[in-house]
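Contents: one structure, followed by commentary.
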Amino acid sequence: MKYNPKKIEPKWQDVWYETGVFKAKNGSKKKKFYVMVEFPYPSGDGLHVGHCRSYTALDIIARKRRMQGYNVLYPMGWDAFGLPTENYAIKKGVHPSVITKKNTETFRTQMKSLGWSFDWSREIDTTDPKYYKWTQWIFIQLFKNGLAYKAKININWCPSCKIGLANEEVVAGNCERCGAKVEKREKDQWMIKITNYADRLIRDLDSVDYLEKIKTQQKDWIGESHGAIVKFPVEGVEEFIEVFTTRVDTIFSGTFLILAPGHNFIEKHKGKIENIEEVLKYREDAKNVSDMDRTNQDKDVTGVQLKGILVRNPATNEEMPVWVADFVLEQYGSGAVFADAHDKRDFKMAKKYGIALRTSIKPDDELLWQKVKNLEECFEGDGTLYNSAQFDGLKSAEARPMIITWLSSKGLAQPKVSYKLRDWVFSRQHYWGEPIPMVFCKKCASTGGSAQAGWQPVGEKDLPVKLPNVKKYQPTDTGESPLSLINKWVETKCPKCGEDAKRETDTMPNWAGSNWYYLRYIDPKNSKKLVDESLARYWMPVDWYNGGMEHTTLHLLYSRFIFKFLWDIKAFPTSIGSEPYKKRTSHGMVLGEGGIKMSKSKGNVINPDVIVKQYGADTLRLYEMFMGPFEQMIPWDTKGVVGSRRFLEKIWNLSQKIYPVIRPGTPSNDGVELRKLLHKTIKKVGEDIELMKFNTAVSSMMEFVNAYQASSEGLDKKDLSDFLKILSPFAPHLAEELWSNSGQKELCCEQKWPKYDEKLIEEENILLIVQINGKVRDKIIAKSGLTQKEAEKLVLKSEKIQALIGKSEVKKIVFVPNKLINVVI
RNA sequence: GCCCAAGUGGUGGAAUGGUAUACACGAAGGACUUAAAAUCCUUUGAGCGAAAGUUCAUGCGGGUUCGACUCCCGCCUUGGGCACCA
């Protein structure tokens, strides 16, 4: 019989999914293991070969853990709210939920055809009202705890998509989705105070097992810096301008002050600024320049002086002029900086506009200092203070805390930690998202007094606030959500006072649903609670979470934040800790042939269905594991796929070559060697899976099969079944078929992971490498464990080596046990 | 500009201080076949050599070491991230 994956693969998939072997069991006495992959956005394009890579990798881990006796939860679901579906709906006039249903069906069928061991009974869908009820519930908790607030702010506005974008969604000043140039626009937006958690989001990284580069990226994104707020008194007014600085050691060289164009000092003191028209014009121009362009180093520095305004340097008590410049950002620090010769932008600006400059830091390099002193070059590093009164002679690092203490004793400074991270814009003016469950009541607003007054959360018993049906899905021209056009839905009663009120018509961003989905898999059908306490206690945290590097600063950070918030409000037992993921790894992208990104426009997209149809799911799984290191980007190579298929066929054909009984008597040398190799392979495959070195795990199995093929003997039944067990996470269908063919009644995927025999792995003989001056000159077979003396004897006896040494003097002999001997002459 | 990865045959890659090029693809030759496909066998980093051998080669230049793809210093290139964060 020929290997025919088309026949055997669907057969075993039916067996697995019908018998429910992959179902995670609640209330089990076994140790749990929760493995998770990022759930996909079910796009109309179907499954990508990139999904296949990471889903197979974690499937291998899930399958291995089951075989190791764990109660494994490996779930799957759909992150189905989002713009592509909405855009398709706009174009074709089909309801997004219809498209979503169709797409998820395609995805599910494709996924089942790959034999991934997901527990399909726990499937979730973020667009299901039963699911988003709880996404809305979380929003209400954020609101009640003061972490959700409405604010009129300058937001990033995409004129093409007609939505506000989070800072994180703006790529190089353009909209992440459509590429249009992002503008600034003032809008009332729901904001989430993720910044309250900045410190914990950094600190708690120490307690989790994430790849180092993931930790680094998150830390950089949050961008913690330690410094001080320094107060600059304004002449003629009882007021200060506050400046955040990390370089308080340079305070004595501060000769002018720069404000961000949007700094509220300007608005407040309009009357005092002599050239206010010019300043306001500058502010208007700055509004439509992206932060990235504003802070671009190659760009020419621009600025305008606030004529009529002077401040005093709190250290030197000298007068300083005040300027505005767009490279100073409103949102960072206090939106103001003091300027001196120790910052390149300040330096450039002072030279351009003829503002006085002074230096106060001496670099160690004498030559450089000459230039710095003469204001020919800007020095930004740490050095030794001069021109700094009582602090002269101190190093920058020791001076900083002393200067802060000195200034704060005068009430002019205080230490401060600042973050790059900004609050999260949570409103979207779109249809296909979770409605924000808030109601605005005029009556409550008039009596409330506070800025948030009038906003009332929908009562929890009235959740979910379901998306109403609309005829048109596109956002309105005014930028409001299409929901705003449905008067019947918008008009409601205030949950607090019962008067006429209006619903919030904005929806949530697509990360809202993925913030907490790991909790829902645990208890997907609970209509009373977010998650059952005892189930959460058993299953959380996620033991191993894999996803793309591109989600490190978005989804991964947001979901850690939301979990910490839920922990704080005790939405689940706090004993499970405040980090949702114990371990986080990431996969490399699968590129198109030739190393370019796969895309429809380039026509280089590989459809996994085609590969499954032509070669089989096991071949696709195996190939994607074999193609290269898991965390590395890798180009697809269709020609390479046949290698994996050939390997599986070899196994199929060789499985006929079994000894029906345990080898009688002493097996031949050949047989012993083969068994030794098998045990080495068991060891290697097991270890490589843990390290995600799937490529070398596959190649070691290939080596074993090659040796098996070359051997004159067969394997006995025990050895064959051990091999099938280690193969089964990679090629589960083939393993299952051969397992059953060999007369086994149970399923291969339910077997115990095999143990290797230490004794069989120990070598009796080793290959001793003989070097002279570090160059390989000979290889001798020797007894394992031989001593240096024995080795020396052996080597010096060798004619070949003797000839090479000749009359030279042996200076030294380096010996590495069981490996190498190096004669230095 | 800053930060982080990576650079090895024709190609994907292996080796993390000790035999550089495992495994796989591709290519060439052969066996089987009327023929082709499939399969199997052999060869396959480059140079010199009839062979035994031997020299060179892991982006480039130095260094440490008995010994370096691996560690250190300086550069180049590619990919990713960030945007002068005061």
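Computed from a prediction, not measured in an experiment: that's the story for all the values here. Chain naming here is simple, since letters A, B, ... match the order of the sequence lines and numbering starts at 1 in each. The figures that follow rest on heavy atoms only: side chains count, while hydrogens, waters and symmetry mates do not.
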Reckon [X] touches a base, only the sugar-phosphate, or nothing at all at heavy-atom distances under 4.0 Å?
X	answer
A:V814	base
A:K639	sugar-phosphate
A:K779	base
A:Q771	base
A:K811	nothing
A:V824	sugar-phosphate
A:R645	nothing
A:N706	sugar-phosphate

Which side-chain N or O atoms in residues 818-825 of chain A pair as donor and acceptor under 3.5 Å with protein atoms at least two apart or in another chain?
from	atom 1	to	atom 2	distance (Å)
A:N818	OD1	A:G785	N	2.7
A:N822	OD1	A:N773	N	3.4
A:N822	OD1	A:G774	N	3.0

Test log, rule salt bridge (charged side-chain N to carboxylate O under 4.0 Å, His left out), inputs A:D618 and A:R645: CA-CA 8 Å; A:D618 281 341; A:R645 168 68 190 243; over 6 Å; no

Closest-nucleotide ordering on RNA chain B, the 5'-leading residue of A:G223 and A:T216: A:T216

Residue closer to the 5' end of RNA chain B, A:T245 versus A:K650 (nearest nucleotide): A:K650

Measure [atom1]/[X] against [atom2]/[N] and give the value in whole Å, please.
X	N	atom1	atom2	answer
A:Y332	B:rC85	OH	P	8 Å
A:Q217	B:rA83	CD	C1'	14 Å
A:R400	B:rA86	CZ	P	10 Å
A:D343	B:rC2	CG	C1'	14 Å
A:N4	B:rA38	CG	P	18 Å
A:L654	B:rC40	CG	P	9 Å
A:W652	B:rC40	CH2	C1'	20 Å
A:Y615	B:rA38	OH	P	11 Å

Does [X] have a side-chain nitrogen or oxygen under 4.0 Å from the phosphate oxygens OP1 or OP2 of [N]?
X	N	answer
A:R646	B:rG26	yes
A:R777	B:rU54	yes
A:T246	B:rC85	no
A:K775	B:rC56	yes

Donor on one side chain, acceptor on other, A:H555 and A:E38, under 3.5 Å: no

Pair A:Y615-A:T638, side-chain donor/acceptor within less than 3.5 Å: no

Neighbour count above 12 (heavy atom, 6.0 Å) for [X] [atom1]:
X	atom1	answer
A:L691	CG	yes
A:K6	NZ	no
A:K371	NZ	no

pair A:L201-A:I194: side-chain heavy atoms closer than 4.5 Å: yes

Side chain to side chain donor-acceptor pair (under 3.5 Å) partners of A:K650, counting only residues at least two apart: A:N706

Acceptor/donor pairs from residues 622-634 of chain A side chains to any protein atom, 3.5 angstrom cut, sequence neighbours excluded:
from	atom 1	to	atom 2	distance (Å)
A:Y623	OH	A:D637	N	3.1
A:Y623	OH	A:D637	O	3.3
A:E624	OE1	A:R53	N	3.2

Rounded [atom1] spacing from [N] to [M] in Å:
N	M	atom1	value
B:rG12	B:rU64	C1'	34 Å
B:rG62	B:rA68	P	14 Å
B:rU16	B:rA5	C1'	16 Å
B:rC75	B:rC25	C1'	35 Å
B:rG49	B:rC41	P	33 Å
B:rU8	B:rC69	P	15 Å

Intra- and inter-strand pairs of RNA chain B in dot-bracket (Watson-Crick or G-U wobble, both distances under 3.5 Å; | for another strand): (((((((..(((.....[....)))((((((.......))))))((((....))))..(((((..]....))))))))))))....

Can you give me the N/O atom pairs linking the protein to nucleotides 12-17 of chain B at distances under 3.5 Å, or say none if there are none?
from	atom 1	to	atom 2	distance (Å)
B:rG12	O2'	A:M627	O	2.7
B:rG13	OP1	A:Q632	NE2	3.1
B:rA14	OP1	A:N695	ND2	2.8
B:rA15	OP1	A:K693	NZ	3.4

Intermediate values then yes/no, salt bridge (charged side-chain N to carboxylate O under 4.0 Å, His left out), A:K680 and A:E687: CA-CA 11 Å; A:K680 277 186 200 160; A:E687 288 169 355; over 6 Å; no

Among B:rG26, B:rC85, B:rU19, the nucleotide that comes nearest once only the side chain of A:K420 is considered: B:rC85

Options B:rC25, B:rC82, B:rU19, nucleotide nearest the side-chain atoms of A:I769: B:rU19

Assigned glycosidic conformation for B:rG13 [threshold 90° from 0]: anti

Set of salt bridge (charged side-chain N to carboxylate O under 4.0 Å, His left out) partners for A:K352, sequence neighbours left out: A:D300

Check: B:rA86 base within 3.5 Å donor-acceptor of A:R345 side chain: yes

